[in-house]
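Structure provided below as structure tokens; questions to follow.
Side chains included, hydrogens not; waters and symmetry mates left out as well; all remaining heavy atoms used. None of these values were measured; they are calculated from a predicted model. Labels below follow one simple rule: chain letters A, B, ... track the order of the sequence lines, proteins then strands, and each chain is numbered from 1.
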Amino acid sequence: MNLFTERVVAIIKQIPSGKVMTYGQIARLAGSPRGARQVVRVLHSMSKKYKLPWFRVINSKGELGINDQETHEAQVLFLEDEGIEVIDNKRVSLEKYQHHPE
DNA sequence: GGATTGACATCCC
DNA sequence: CGGGATGCCAATC
């Protein structure tokens with residue numbers, strides 16, 4: 001567990017319900033502007049061990065970006081349950097739902 | 001330790 | 001918005 005991972009986890013925990021954040025944004029706040037892919041890796045590790053709102057983390061295009069069908073399906077349900085409109089069952093409006101931290 | 005890989009980002013069109 | 005090309009960084013092979 002390095003500092004980067006801790007910061008990423010902390011940031012993800014701060015995402016309010018009904019909002020989403022991009023990997024790049026989280027990576028930047030965590031101190032690694034180009035560490036988006038590491039954020040992905042953290043999510044994979046932590047989501048299986050801890051209960052993080054990983055479903056609120058999406059990519060720049062607003063896509064959910066999940067590869068596994070089951071996981072992807074679950075994410076869509078979680079987002080809709082929080083009041084987020086999922087377009088084409090795979091995308092959301094970043095302009096409306098992206099969380100902008102101070 | 002080099003090559004491969006991945007829930008991505010950014011630029012270009 | 002969105003598909004293709006290129007770049008980044010760490011874990012894994």
Checklist line | Residue pairs fulfilling side chain to side chain donor-acceptor pair (under 3.5 Å) with at least one residue in residues 30-39 of chain A, sequence neighbours excluded | finding: none
Margin query: Less than 4.5 Å apart, side chain to side chain, heavy atoms only: is that true for A:Phe78 and A:Val86?
Written below: no
Check: So do A:Met21 and A:Ile11 actually touch side chain to side chain, heavy atoms under 4.5 Å?
Finding: yes
Item checked: Interatomic spacing from CD1 in A:Ile12 to CG in A:Leu29 - rounded to 0.5 Å -> 11.0 Å
Sort me out a list of protein N/O and nucleotides 6-9 of chain C N/O pairs below 3.5 Å, or just none if empty.
{"from": "C:dC9", "atom 1": "O4'", "to": "A:Gln38", "atom 2": "NE2", "distance (Å)": "2.8"}
{"from": "C:dC9", "atom 1": "O2", "to": "A:Gln38", "atom 2": "OE1", "distance (Å)": "2.6"}
{"from": "C:dC9", "atom 1": "O2", "to": "A:Gln38", "atom 2": "NE2", "distance (Å)": "3.4"}

Note to self: For a 4.5 angstrom cut-off between non-hydrogen side-chain atoms, does A:Leu64 reach A:His72?
What the structure shows: yes
Next item on the list: Test A:Arg56 against A:Glu82 for salt bridge (charged side-chain N to carboxylate O under 4.0 Å, His left out), laying out the working first.
Entry: CA-CA 10 Å; A:Arg56 297 190 186 130; A:Glu82 297 197 342; 2.6 Å; yes
Check: Does the side chain of A:Leu43 reach to within under 4.5 Å of the side chain of A:Tyr23, using non-hydrogen atoms?
Finding: yes
Margin query: If I take atom CZ in residue A:Arg7 and atom P in nucleotide C:dA10, what distance separates them, rounded to the nearest angstrom?
Written below: 15 Å
Next item on the list: With sequence neighbours left out, write down each residue that passes salt bridge (charged side-chain N to carboxylate O under 4.0 Å, His left out) with A:Arg7, or none if nothing qualifies.
Entry: none
Checklist line | Rounded distance in Å - NZ (A:Lys90) to C1' (C:dG3) | finding: 12 Å
Next item on the list: Answer yes or no: is there an ion pair linking A:Lys96 with A:Glu85, defined by an N-O contact shorter than 4.0 Å?
Entry: no
Note to self: Could you check whether any side-chain heavy atom of A:Leu79 comes within less than 4.5 Å of a side-chain heavy atom of A:Val20, counting everything from C-beta outward?
What the structure shows: yes
Next item on the list: On DNA chain B, reading 5' to 3', which nucleotide is the first and which the last to sit with an atom under 4.0 Å from a heavy atom of chain A, could you check?
Entry: B:dG6 to B:dT10
Check: Which is it for A:Leu52 and A:Lys13 under the side-chain contact (heavy atoms from CB on, under 4.5 Å) test, yes or no, and what are the steps along the way?
Finding: CA-CA 7 Å; A:Leu52 297 178; A:Lys13 282 183 173 182; 3.8 Å; yes
Note to self: Short of 4.0 Å, heavy atom to strand atom, which residues of residues 17-24 of chain A count as contacting DNA chain B?
What the structure shows: A:Thr22, A:Tyr23, A:Gly24
Next item on the list: Any chance you could encode DNA chain B as dot-bracket? Rule is Watson-Crick or G-U wobble with both distances under 3.5 Å; [ ] for pairs crossing earlier ones, | for another strand.
Entry: .|||||.||||||
Note to self: From CD1 of A:Ile26 over to P of C:dA10, roughly how many Å is that when rounded to an integer?
What the structure shows: 17 Å
Margin query: Is there a side-chain contact between A:Ser93 and A:Gln98 in this structure, where contact means two heavy atoms from C-beta onward sitting under 4.5 Å apart?
Written below: no
Notebook entry, point to check: Can you check whether A:Val39 reaches A:Phe4 side chain to side chain, under 4.5 Å on heavy atoms?
Noted result: yes
